[in-house]
Each structure stands twice: as structure tokens, then as C-alpha cells.
Amino acid sequence: MTREEFANSRIHPWLCTSHIPVHPARRDAFCGNGMIGLRVPAAGEPSIYPEGVCGDMAPGGTLMYRLWDTDGLLPAFNFLGLALKFGTAEFRRDPEHWSNYRQTLDWRTGIVRTCCGWQLPQGNVLVETEIYLSRVKRNLGCVRTWITPEFDGEFTFLDCVDASFIGELSNGRCHPCAGDRGRVRTFFAEVGLARHPVAAATILTYDTRRKVAESWLRKPDGFVRELTLRAAANRPLAVTKFGALCSGHDSPDPVNFARTLAAAASDDPELEKKLHLAGWERLWAHDVEVDHPGLQMLIHASLYGLYSCLAEGTGAIPGPTGLA
């Protein structure tokens with residue numbers, strides 16, 4: 001950013017915006033709530049970095065306090081993945097066919113929003129994604145994807161929990177669910193040399209009238225739920241995923257704790273978002289205001305980084321790099 005740009009009065013004091021998804025200098029957006037931190041790349045869903053090629057980022061893109069090992073924080077499950085496919089084409093792997101791209105990180109609300117067109121042979125699809133980690137229920141996260149295609153077609157959403165990049169992973173297993181919690185899918189494993197018990201639970205909400213098929217693939221290091229929905233031309237279709245990530249430090253029974261948290265959130269998604277926004281609003285009651293637009297932007301970015309890695313009541317002390 002040049003000195004002139006830094007002093008431009010049109011600089012937004014609360015938004016970090018990207019318009020070029022494949023720029024070599026691009027860095028992932030960062031979501032944090034003082035307990036969990038995760039990276040959000042260009043496609044708008046959490047990063048999955050294979051071990052050895054992730055640079056200075058955590059493999060899997062997610063960290064969680066209290067999952068310690070001898071050398072520091074252990075990588076946590078990637079628990080908020082919600083990939084989009086049409087036939088064999090996968091949105092996140094197809095950036096050359098994206099258009100009018102825009103991704104924003106709102107420091108005031110801790111929400112990352114991504115919007116662009118996805119050009120397919122059948123026509124264009126408007127893809128919009130919103131992701132946040134709850135500021136109030138810190139084991140909870142939400143990702144919501146809207147699609148508006150120019151044509152009728154069947155689209156597949158992949159609800160993923162992935163721990164394949166964690167070296168010290170043992171006793172991994174998926175939990176079938178029944179009864180009124182039947183839509184919840186859960187993965188449990190022990191992580192690290194200390195064998196920390198960790199569970200991730202996910203649940204999807206959508207317009208059931210458009211459902212075509214659903215399948216669930218269990219794996220030793222996670223699961224993939226495939227949900228196929230029928231979309232009508234020029235009509236928005238939304239899928240919301242709540243995910244809960246819990247360890248033995250949060251509950252002696254992390255499986256049921258995660259399942260209950262995710263299922264309860266799905267009963268009223270708008271209420272969960274209101275609670276999240278209210279949590280951030282309380283934090284920003286303590287702001288620093290200056291007249292210089294560029295300096296104001298940097299102050300908000302710095303405070304957001306601090307607030308994302310620090311929270312009252314957790315007992316967690318941030319390390320040098322926090323949850324980033």
C-alpha cells in the first residue's frame with residue numbers, strides 16, 4: 001500500500017478486502033474467537049494444508065487452545081469444511097473460472113464473506129459463503145453457502161471433518177447417531193503424545209424439498225457427508241453447517257458435548273448469529289479512535305488479531321503467534 005493509499009479517506013476502517021484470489025502475495029483470512037483459530041482461503045471454507053507444504057501455517061489450518069504437546073499447540077481437526085461440486089467440477093479447485101471475486105474479513109464481527117461467479121459450461125453460478133466462529137459458544141463454528149445458478153441442476157455439498165494431516169492420531173472412529181439427533185455426524189480421536197480426546201460434530205440445514213441424495217463415508221481420520229440438492233434457475237439455494245470442536249478439557253464426554261452443541265445451534269441459526277454479533281459488539285465497546293484513515297484501519301486490524309486469540313474465562317494464555 002502506498003503512502004497516498006494509506007491516507008485515502010475512503011479506506012474502510014473495519015474491512016480487509018481481497019479482489020484477486022490467486023495473487024502470489026495473498027494470505028488467508030483469519031477467524032478466531034479466543035479458543036479456536038482457523039484459516040479461510042480464497043474459496044471461503046477453512047484451509048486444508050498437507051503436512052510439509054503449509055509453510056508457517058498449522059497443518060489443516062485450525063488450532064485450538066489446550067491441545068498442547070511437547071513443542072506447542074497441536075493441529076486440530078478441520079471441522080468446518082463445506083465444499084461445493086457440480087458433477088466432477090469442484091468450486092474450490094476451479095479459480096480460473098471465477099469472476100467478480102470479492103472476499104472480506106470484517107474485524108467488527110469476525111465474519112469472513114466470499115462472493116464470486118463460477119462459470120460452468122451450463123451457465124454461471126453465483127456462489128456466496130459466510131463463515132464465523134462463535135464469540136459466545138467458543139467450541140462452535142458456522143459456515144453458510146448460497147448458490148444462485150442460471151440453470152436448473154443438481155449440486156453436491158460435501159460436509160467434511162478431516163484429521164488426516166495429524167501425525168499422532170489414534171483410536172479414530174465415527175459415531176452413528178439416532179433419534180432426534182440423527183442429522184448429527186461425529187468423529188472422535190485421540191491426538192498427540194498425551195492422547196488428548198477430541199470430538200467434532202456437524203449438522204446441516206437446508207430446504208429438504210430439494211434433496212436428491214445423501215451419503216456418508218466414514219474414515220479412520222474423519223468423514224465426508226455428500227448432500228445432493230436440486231437447484232432451480234435464478235433461485236437462491238442455501239446450506240448451513242454448524243460444527244462443534246471439543247476436547248476433554250471442555251467436557252469429560254466431548255462426543256456428546258459436541259453433538260449437543262451443534263444440534264442445538266441448528267435449531268435457531270439466526271439466534272446463534274445474533275449472540276455472536278453481540279459478543280463482538282461488547283468487545284468493540286473498548287475501541288481506539290484516531291483521525292488518520294490508514295492508522296485507524298491498522299488499529300482495528302491489530303485489536304482484532306488480539307481479540308481473536310484472547311478471551312475471558314478460558315484460562316488459555318496465548319503463545320507468540322496465538323491461534324494464527
Side-chain angles (χ1 to χ4, degrees), residues 1-2 5 8 10-12 14-31 38-49 53 55 57 61 78 80-132 141-160 204 206-207 210 212 224 226-241 273 297 301:
M1 180 178 288
T2 66
E5 291 171 331
N8 192 327
R10 291 183 296 177
I11 289 179
H12 200 293
W14 292 103
L15 292 182
C16 180
T17 304
S18 170
H19 294 282
I20 306 175
V22 292
H23 194 282
R26 175 190 164 81
R27 294 294 181 268
D28 288 349
F30 173 67
C31 276
L38 59 82
R39 301 276 182 165
V40 183
E45 63 165 311
S47 303
I48 302 175
Y49 294 102
V53 299
M57 302 177 188
N78 186 299
L80 279 184
L82 185 64
L84 171 65
K85 294 179 66 176
F86 181 79
T88 59
E90 189 169 353
F91 172 70
R92 67 175 180 171
R93 301 185 185 278
D94 200 21
E96 63 269 23
H97 292 117
W98 297 353
S99 61
N100 300 318
Y101 177 85
R102 186 172 188 262
Q103 184 178 78
T104 60
L105 166 58
D106 189 334
W107 296 313
R108 184 161 41 189
T109 64
I111 296 177
V112 178
R113 296 180 175 90
T114 309
C115 179
C116 71
W118 184 24
Q119 189 62 46
L120 294 169
Q122 294 82 357
N124 191 64
V125 183
L126 177 63
V127 181
E128 302 170 89
T129 299
E130 178 180 278
I131 184 170
Y132 67 89
C142 178
V143 56
R144 178 177 293 178
T145 298
W146 296 263
I147 59 169
T148 309
E150 295 179 339
F151 55 91
D152 296 342
E154 294 180 359
F155 290 80
T156 299
F157 295 83
L158 284 76
D159 164 23
C160 308
L204 303 180
Y206 52 90
D207 185 347
R210 302 190 186 186
V212 176
V224 177
E226 290 196 8
L227 173 68
T228 301
L229 302 176
R230 184 176 295 106
N234 303 311
R235 290 183 58 190
L237 171 63
V239 173
T240 301
K241 170 179 175 176
K273 187 174 180 180
M297 177 192 69

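When a residue number appears, it is its place in the shown sequence, counting from 1.
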Closest non-hydrogen atoms of A89 and L120, given as atom of the first, atom of the second and distance, are CB-CD2, 4.2 Å
Residue set satisfying salt bridge (Lys or Arg N to Asp or Glu O under 4.0 Å) with R93, at least two apart, ordered chain then number -> E90
T148 meets the side chain to side chain donor-acceptor pair (under 3.5 Å) criterion, sequence neighbours left out, with none
Heavy atoms of A42 and Y101 approach each other most closely as O-OH, 2.8 Å
Sorted by chain and number, sequence neighbours left out, side chain to side chain donor-acceptor pair (under 3.5 Å) with W118 holds for D94
In this structure, CZ of R27 is separated from SG of C16 (nearest 0.5 Å) by 12.5 Å
Closest heavy-atom pair, C31 versus V40, reported as atoms and distance to 0.1 Å, is SG-CG2, 4.3 Å
Run the ring pair (Phe, Tyr, Trp, His ring centres under 6.0 Å) test on F155 and F91 for me, step by step, so that the C-alpha distance in whole Å, both residues' side-chain angles and the decisive distance to 0.1 Å come before the verdict. CA-CA 11 Å; F155 290 80; F91 172 70; over 10 Å; no
With sequence neighbours left out, the residues meeting salt bridge (Lys or Arg N to Asp or Glu O under 4.0 Å) with R26 are none
Taken in chain and number order and not counting sequence neighbours, the residues that satisfy side-chain contact (heavy atoms from CB on, under 4.5 Å) with A238 are W146
Residues passing the side-chain contact (heavy atoms from CB on, under 4.5 Å) test with L15, sequence neighbours excluded, are H12, T17, R102, T104, D106
Point to revise | Full working for side chain to side chain contact (heavy atoms under 4.5 Å, CB included) between F151 and V125 | key: CA-CA 8 Å; F151 55 91; V125 183; 3.8 Å; yes
Would you say the side chain of N100 lies within less than 4.5 Å of the side chain of C116, judging by non-hydrogen atoms? no
| said: Contact between C115 and V127 at the side-chain level, heavy atoms closer than 4.5 Å - yes or no? | reply: no
One should read off an interatomic distance between L105 CG and I131 CD1, to the nearest 0.5 angstrom, of 11.5 Å
Taken in chain and number order and not counting sequence neighbours, the residues that satisfy side chain to side chain donor-acceptor pair (under 3.5 Å) with T228 are T156
SG of C142 to OH of Y132, rounded to nearest 0.5 Å, is 4.0 Å
One should read off an interatomic distance between E45 CD and L84 CG, to the nearest 0.5 angstrom, of 9.0 Å
Across all chains, not counting sequence neighbours, the side-chain contact (heavy atoms from CB on, under 4.5 Å) partners of R230 are E154, V212
Shortest non-hydrogen pair, G44 vs T129, comes out as O-CG2, 3.4 Å
Under 3.5 Å, side chain of D152 to main-chain N/O of A233, donor-acceptor pair present? yes
Hits for ring pair (Phe, Tyr, Trp, His ring centres under 6.0 Å) against F157, two or more places apart or cross-chain, chain-then-number order -> none
Sorted by chain and residue number, the ring pair (Phe, Tyr, Trp, His ring centres under 6.0 Å) partners of W14 (sequence neighbours excluded) come out as W284, H300
d(L82 CG, T240 OG1) to nearest 0.5 Å is 9.0 Å
In terms of heavy-atom contacts, R92 and P95 come closest through O-CD, 4.1 Å
Applying salt bridge (Lys or Arg N to Asp or Glu O under 4.0 Å) to E128 and not counting sequence neighbours gives none
Those residues at least two apart in sequence (or on a different chain) that pass salt bridge (Lys or Arg N to Asp or Glu O under 4.0 Å) with K273 are E130
Output for pair (E226 CD, D159 CG), nearest 0.5 Å, gives 10.5 Å
As a quick check of understanding, evaluate side chain to side chain contact (heavy atoms under 4.5 Å, CB included) for R210 and L237, giving each step before the final call.
CA-CA 9 Å; R210 302 190 186 186; L237 171 63; 3.4 Å; yes
Closest heavy-atom pair, G81 versus K241, reported as atoms and distance to 0.1 Å, is O-NZ, 2.7 Å
